[in-house]
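One structure is given below, encoded as structure tokens.
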Amino acid sequence: MANENRPVRVRFAPSPTGYLHVGGARTALYNYFFAKATGGTFYLRIEDTDRKRYNEAALKDLMRDLKWLGLQWDEGPGCEGSVGPYFQSERLDIYHEQIKKLLDSGDAYYCFCTEERLQEVRKEQEQSGVAVTGYDRHCRDIPREEAEKRIAAGEKAVIRLKVPLTGVTAFEDKIRGHIEYKNEVLDDLVLIKRDGFPTYHFASVVDDHLMGTTHVLRGDEWISSTPKHVLLYKAFGWEAPVWCHLPVILAAGGGKLSKRKGAASVGDFRDLGYLPETLLNFLALLGWNPGGDREVMSVQEMISAFTLDRINPKEAAFDEKKLQWMNGQHIRLKDDAFLLDVMKKGLAEKGIDVSGAPEARLKEIIGLLKPRAHFLQDIPNTAVYFFRAPTEYEEKAKAKQWGAGSRTIARAVREEMMAVEPFTSANIEAAFNALTQKRNCKLGDLVGAVRLAVSGVSAGPGLWELFESVGKNEVIRRIAAAEPFMQE
RNA sequence: GGCGAGUUCGUCUAGCGGUCUAGGACGCUGGCCUCUCACGCCGGUAACAAGGGUUCGAGUCCCUUACUCGCUACCA
């Protein structure tokens with residue numbers, strides 16, 4: 001197979017009808033990985049042949065999300081290559097030129113059947129319970145001249161492929177092996193629609209060939225269309241690309257992934273606070289693995305390990321719990337400069353300006369927050385109390401931490417803190433330890449009440465570090481401010 | 001209904017005829033660390049869909065059944 005040996009050219013060919021679904025994102029990703037792993041080309045083609053479903057906003061989102069993921073195309077909208085245009089709606093002349101070849105060779109024919117007649121045929125087939133349903137090939141043998149006369153007279157028609165009545169059509173799928181269909185179950189599919197636009201089947205075959213596609217990596221919902229595509233390649237006398245049908249991604253409980261079952265689009269996950277590298281890593285592992293025990297990987301590592309034959313044929317369920325864990329892993333891998341930026345922006349949105357704070361202090365805070373974050377937002381969200389006194393206190397924690405005796409403890413801690421100089425975490429810790437001696441208690445008895453007073457919440461970074469970062473005066477002030485809410 | 005694809009712990013998976021009394025990860029869970037929560041570390045839980053073959057030997061090959069998913073549009 002020559003295509004197998006040619007420099008790799010692969011594509012992602014979405015139709016701009018809705019948001020970029022994670023399944024689509026993974027298809028794009030595998031194409032991208034394969035291109036990068038082989039030194040090939042990854043191009044983006046927009047399949048906008050369905051004028052009813054076309055959606056301008058979807059197209060913009062699609063490209064934005066692809067870029068956010070880092071799946072930059074080598075050719076396509078915005079970076080024209082030599083085989084454009086990359087919008088199918090701009091390639092109508094090409095399809096009309098190509099369809100003539102099939103008409104001439106007798107591999108395609110005009111069909112004048114109306115929607116109504118087609119529906120009737122279908123109904124009859126269902127009622128009679130025949131095994132093979134589909135178009136009854138009513139117009140298959142209308143002579144070309146007669147058909148063209150009718151067209152000239154203003155009659156509307158579609159153009160269909162003349163599928164062989166007998167025999168089998170087979171192809172090799174790179175991850176599933178040999179697949180074959182009896183020709184008799186294949187329909188005389190429509191190639192050119194009544195509105196003059198090509199169908200997906202026709203446009204994608206013509207484009208994949210003309211745009212030099214060597215491998216088609218697409219969702220496995222296309223498997224049963226593939227024999228039809230193979231027949232088209234044959235009719236044209238073109239060599240078919242290498243087929244590679246990817247398994248679907250299912251929702252956690254099974255079934256299709258959808259908005260109703262939670263996040264489903266790339267945009268959803270971005271808004272939730274996931275890193276693009278997390279999504280890439282997670283999606284890649286849903287149906288592919290490098291063989292060993294490696295799981296948390298960078299894009300570069302995945303690319304260099306990527307091969308088609310390690311793609312699984314099995315459908316995979318999307319487990320958001322694992323995604324969350326993985327996001328934590330990738331957050332911890334991020335450098336401080338990036339996280340610092342996330343923190344600054346997030347805080348700015350809350351009206352907290354940290355531009356005056358020393359860089360070293362901000363970095364320390366990042367260091368404290370990083371191991372605790374699962375989502376990007378967790379960083380600015382928990383950073384708030386480093387800069388601003390709590391305006392409210394966690395209800396459940398109040399009941400637990402500010403019961404009888406807590407005010408006495410708070411007061412004692414506050415007095416102890418006044419004497420700490422300099423106010424460093426080591427000195428703070430020492431002061432707390434001294435206090436446990438004095439009061440003959442444990443650290444646990446001291447910490448809860450003042451943590452809540454200073455941060456407003458019951459859990460978080462180490463108290464000594466927190467105190468040092470907040471600063472002596474402010475710590476003392478915050479404790480004093482909370483004391484009235486505590487029990488004597 | 002027809003056709004096609006798929007089937008290893010709850011989930012993602014390793015496994016490509018003997019090294020599998022089935023390994024890793026997430027989850028759940030016991031413990032350690034510890035001022036809390038995380039992180040980290042140590043341990044536990046749990047799977048070859050079923051039945052027939054082939055073979056000295058099957059999670060691995062073949063067949064059947066069951067179940068799941070997809071297609072069955074002038075949508076992609």
Side-chain angles (χ1 to χ4, degrees), chain A residues 13-17 47-50 52-53 111 113-115 118 122 125-126 129-135 156-160 173 176 179-182 184-187 189-195 197-201 203-204 218-227 245 247-248 250 252-256 282 285-289 291-296 309 312-326 328-329 332 368-374 378 382 397 401 429 432-433 436 442-448 450-452 455 457-464 466:
Chain A
S15 47
T17 54
E47 310 226 322
D48 54 350
T49 55
D50 185 345
K52 294 182 205 88
R53 296 205 302 158
C111 166
C113 293
T114 60
E115 299 265 7
L118 258 23
R122 166 163 301 274
Q125 286 173 339
E126 276 169 13
V130 291
V132 179
T133 58
Y135 179 53
K156 290 283 184 195
V158 302
I159 299 175
R160 290 181 182 272
D173 185 280
R176 284 161 219 272
I179 298 176
E180 63 177 39
Y181 282 77
K182 289 195 180 82
E184 58 197 83
V185 305
L186 267 24
D187 218 353
L189 66 151
V190 171
L191 267 16
I192 302 287
K193 296 184 270 192
R194 196 167 289 259
D195 62 5
F197 275 65
T199 57
Y200 166 83
H201 305 289
S204 74
R218 73 214 316 188
D220 67 4
E221 68 269 25
W222 294 110
I223 288 183
S224 31
S225 304
T226 305
H245 290 95
V248 290
L250 264 29
K256 270 191 179 156
F282 183 76
L285 256 25
L286 226 48
W288 170 83
N289 78 83
D293 288 341
R294 287 196 297 162
E295 291 211 299
V296 178
D309 55 16
N312 267 329
K314 188 194 151 195
E315 64 197 21
F318 195 96
D319 178 7
E320 209 169 328
K321 275 268 172 54
K322 188 157 186 176
L323 216 215
Q324 272 178 30
W325 164 80
M326 194 172 269
Q329 299 294 314
R332 262 149 248 147
L368 296 176
L369 267 25
K370 191 149 74 162
R372 268 160 264 263
H374 282 96
D378 290 345
T382 47
Q401 303 294 355
E429 179 175 8
F432 265 89
N433 281 323
T436 59
K442 291 180 187 155
L443 278 171
D445 302 327
L446 263 29
V447 166
V450 289
R451 171 185 291 285
L452 184 59
S455 71
V457 292
S458 58
L463 201 68
W464 333 135
L466 173 65

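Here is how names work: the chains are called A, B, and so on, in the same order as the sequence lines, proteins then strands, and each is numbered from 1.
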Problem set entry | Nucleotide nearest A/Asp293 when distance is taken to its side chain, options B/G4, B/A76, B/G24 | B/G24
Problem set entry | Sugar-phosphate, base or nothing in reach of A/Gly448, heavy atoms under 4.0 Å | nothing
For this session: Would you classify A/Leu285 as touching base, sugar-phosphate or nothing, given that sugar-phosphate means primed atoms plus P, OP1 and OP2, and contacts are heavy atoms under 4.0 Å?
Result: sugar-phosphate
Exercise. C1' atom, B/G6 versus B/G18: distance in rounded Å?
Worked result: 28 Å
For this session: Could you tell me whether a side-chain N or O of A/Gln125 sits under 3.5 Å from a main-chain N or O of A/Gly134, the two making a donor and an acceptor?
Result: yes
For this session: Identify whether any heavy atom of A/Gly219 sits under 4.0 Å from a base atom; if not, whether one sits that close to sugar-phosphate; answer base, sugar-phosphate or nothing.
Result: nothing
For this session: Return the orientation label for the A/Tyr200 and A/Trp222 ring planes: parallel under 30°, perpendicular over 60°, tilted otherwise.
Result: parallel
Exercise. Taking the P atom of each, how far is B/C35 from B/C28, in whole Å?
Worked result: 25 Å
Problem set entry | Cationic N near anionic O, under 4.0 Å, A/Asp319 to A/Lys322 | no
Problem set entry | Whether A/Asp187 side chain and A/Leu189 backbone form a donor-acceptor pair below 3.5 Å | no
Problem set entry | Distance below 4.0 Å between A/Thr49 side-chain N/O and B/C75 OP1 or OP2 | no
Exercise. Of the nucleotides B/C74, B/C35, B/C12, which one has an atom closest to the side chain of A/Trp464?
Worked result: B/C35
For this session: Mark yes or no for a side-chain to base donor-acceptor pair under 3.5 Å between A/Arg372 and B/C37, with no hydrogen or angle criteria applied.
Result: yes
Exercise. Of all the choices, B/A76, B/A5, B/C39, which nucleotide is nearest to the side chain of A/His374 once you look at every atom?
Worked result: B/C39
Problem set entry | Euclidean distance, atom CG of residue A/Asp378 to atom P of B/C37 [Å, nearest integer] | 17 Å
For this session: Could you check which of B/A38, B/G1, B/A76 has an atom nearest any side-chain atom of A/Pro371?
Result: B/A38
Exercise. So, is A/Asn312 close to the B/A14 phosphate, meaning a side-chain N or O under 4.0 Å from OP1 or OP2?
Worked result: yes
Exercise. Can you check the A/Asp220 CG to B/U68 P distance for me, whole Å?
Worked result: 17 Å
Exercise. Can a donor-acceptor pair under 3.5 Å be found between the side-chain atoms of A/Arg160 and the base atoms of B/C74?
Worked result: no
Seminar exercise, completed: Taken in chain and number order and not counting sequence neighbours, the residues that satisfy ring-ring contact (aromatic ring centres under 6.0 Å, His included) with A/Tyr181 are none
For this session: Provide, to the nearest angstrom, the distance between the CG atom belonging to A/Leu189 and the C1' atom belonging to B/C3.
Result: 16 Å
Problem set entry | A/Lys321 side-chain N/O to B/C12 phosphate OP1/OP2 under 4.0 Å | no
Problem set entry | Residues in salt bridge (charged side-chain N to carboxylate O under 4.0 Å, His left out) contact with A/Glu429, at least two apart in sequence or another chain | none
Exercise. At under 4.0 Å between heavy atoms, what does A/Lys256 touch on the DNA or RNA strands: base, sugar-phosphate, or nothing?
Worked result: sugar-phosphate
Problem set entry | Among B/C71, B/A25, B/A5, the nucleotide that comes nearest once only the side chain of A/Glu295 is considered | B/A25
Problem set entry | A/Asp173 side-chain N/O to A/His245 backbone N/O, donor-acceptor pair under 3.5 Å | yes
Exercise. Closer than 4.0 Å, any side-chain N/O of A/Asn289 to the OP1 or OP2 of B/U13?
Worked result: no
Exercise. What does A/Tyr200 touch in the nucleic acid at a heavy-atom separation under 4.0 angstrom: a base, only the sugar-phosphate, or nothing?
Worked result: base
Check nucleotides 6-11 of chain B against the protein and report each pair of N or O atoms closer than 3.5 Å, with its distance, or say if there are none.
{"residue": "B/U8", "atom": "OP1", "partner": "A/Lys314", "partner atom": "NZ", "Å": "3.4"}
{"residue": "B/U8", "atom": "OP2", "partner": "A/Lys314", "partner atom": "NZ", "Å": "3.2"}

Problem set entry | N or O in side chain of A/Gln329 less than 4.0 angstrom from B/A38 OP1/OP2 | no
Exercise. From B/G70, B/C35, B/A5, pick the nucleotide closest to the side chain of A/Arg451?
Worked result: B/C35
